[in-house]
Chemist: 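Take a look at the following structure, please.
Numbering of ligands and ligand atoms starts at 1, following listing order.
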Amino acid sequence: MKAVAVFPEAQNVMVVDQAPPRLTEPDDVMLHVLDIGICGTDREICSFEYGSPPPGEDHLVIGHEALAEVVEVGSAVEDLRVGDLVIPTVRRPCPHPQCLSCRSGHQDYCYTGDFTERGIKEAHGYMAEYVVDIERNVVRVPPGLGEIAVLTEPLTIAEKALAQVLWLMQYRPPWLDPATPPAERGNGLSALVLGVGPVGLLGAMTLSVAGFRTFVYSRELPPSPRTDLVGSVGATYASSQQISFSELAEEMGNIDLLYEAVGHSHFALEALQVLGQNGIYILTGVPGLQAFIETDPATTMRNMVLKNQVLLGTVNAGPEAFTAALRDLEEFRTRWPETTDTLIAGRYPPEQAIELIMGRPTGIKSVISFRDGI
Ligand code: BGC
Ligand code: ZN
């Protein structure tokens, strides 16, 4: 079968021919991969800046944003059936008995750093025709979502963040009624998303659904397909080439939530200056090395204290976030059917993976596909 693999030592990325995997545990499921989204993390891995092969191997099969079909189940598999569509999660627990998060199935909060991540860190990924995993590591896709379900994993970033924000918002401003349903908790609050890539756009859609008055801020000059998408999901776009942070803050009023999705540290720090009273700042981007800048930490710290602000970084996601993402994908399609369909820029065969990963991103999400006829 075909797989796309990176060879860090030899500094090579290529389509390889491999023997298909086999079921070895009673709770294993065999998956035929249909779609795999590509993202900035794949680009870093294929530039040999991030990621690592399983110990003792010279290559890593990449791909972590997958949609797959169950084609075989082990004897102890309880809930899944052949023909089900599933999304495999990414991170697997570390082996240490003292890691409370991994021992309780919350490896996205792993304390030791010795976790593995499929397609990223010491475990092969999903950009292959067939993969095997245990039942517990996959989440079933509700019927009818197969065309867009490949967006589930990138959407979990917003879902994990939002679950924490809503929890914080429920208990921090003590005047909010804890009985408010999740879908209404953002009502009356404003959110600013930084970045108009897939993570930013999916974040804006999620915040919009949660009731926030949502703005998206990035360099890109409107109009463009991406900035048009912002408008079509009920959010407002502003370009940093046309309006400054402080002008934007004036227009928005108190900025209750900042959602960073660019991975640029200077831009992120600048945004902190406009975070409002009782504001929460979510950081999702992983910046590469960037030039040092002079900054005034005293003012930053003073502001954060005097304004009761929260700074929250978030990475990876657990099964609840995958389930929430699938629920929201359904909601997106109901509210914005045309926009939701255009999020997938195209499906391409694995032979085109390398040029798509390394080239300039076109559209929102490019997808490698092992579906018949692609
Ligand atoms: C993936 C996460 C992963 C992170 C860090 C992201 O691209 O979506 O699952 O934890 O990279 O490796
Ligand atoms: Zn990713």
Chemist: If you count the atoms of ligand 1 from 1 in the order shown, which ones are under 4.0 Å from a heavy atom of Glu153?
Modeler: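 Taking each heavy atom of Glu153 in turn, ligand 1 has 1 (C), 2 (C), 8 (O), 9 (O) under 4.0 Å.
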Chemist: Compile the donor-acceptor pairs under 3.5 Å between side chains in residues 1-15 and protein atoms, sequence neighbours left out, one pair per line.
Modeler:
residue: Lys2; atom: NZ; partner: Glu351; partner atom: OE2; Å: 2.8

Chemist: Between Glu65 and ligand 1, which residue portion shows a heavy-atom distance shorter than 4.0 Å: side chain, backbone, both, or neither?
Modeler: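 Neither; no heavy atom under 4.0 Å.
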Chemist: Could you list which atoms of ligand 1 come closer than 4.0 Å to a heavy atom of Arg91?
Modeler: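 Once the distances to Arg91 are compared, the set is 10 (O).
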Chemist: Quick one: look at Glu117 and ligand 1, take heavy-atom pairs under 4.0 Å, and tell me if it's side chain, backbone, both or neither.
Modeler: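 Glu117 to ligand 1: side-chain contact only, backbone stays beyond 4.0 Å.
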Chemist: With a cut-off of under 6.0 Å to the ring centre and 45° to the axis, is Lys160 in cation-pi contact with Tyr259?
Modeler: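 The answer is no, since Lys160 fails at least one limit relative to Tyr259.
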Chemist: Against heavy atoms of Tyr50, which atoms of ligand 1 measure under 4.0 Å?
Modeler: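 Taking each heavy atom of Tyr50 in turn, ligand 1 has 5 (C), 12 (O) under 4.0 Å.
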Chemist: For His64, take its heavy atoms, then give the atoms of ligand 1 lying under 4.0 Å from any of them.
Modeler: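 Checking each atom against His64, I get 1 (C), 7 (O), 8 (O).
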Chemist: For residues 282-290, run the donor-acceptor check on the side chains, cut-off 3.5 Å, and write out each pair with its distance to 0.1 Å, sequence neighbours left out.
Modeler:
residue: Thr284; atom: OG1; partner: Glu260; partner atom: O; Å: 2.8
residue: Gln290; atom: OE1; partner: Ser265; partner atom: N; Å: 2.8
residue: Gln290; atom: OE1; partner: Ser265; partner atom: OG; Å: 2.4
residue: Gln290; atom: NE2; partner: Gly263; partner atom: O; Å: 3.3

Chemist: Return the orientation label for the Tyr217 and Phe267 ring planes: parallel under 30°, perpendicular over 60°, tilted otherwise.
Modeler: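 Parallel: the ring planes of Tyr217 and Phe267 meet at under 30°.
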Chemist: Can a salt bridge be assigned to the pair Asp133 and Arg118 using a cut-off of 4.0 Å between side-chain N and carboxylate O?
Modeler: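 Salt bridge between Asp133 and Arg118, a charged N being under 4.0 Å from a carboxylate O: yes.
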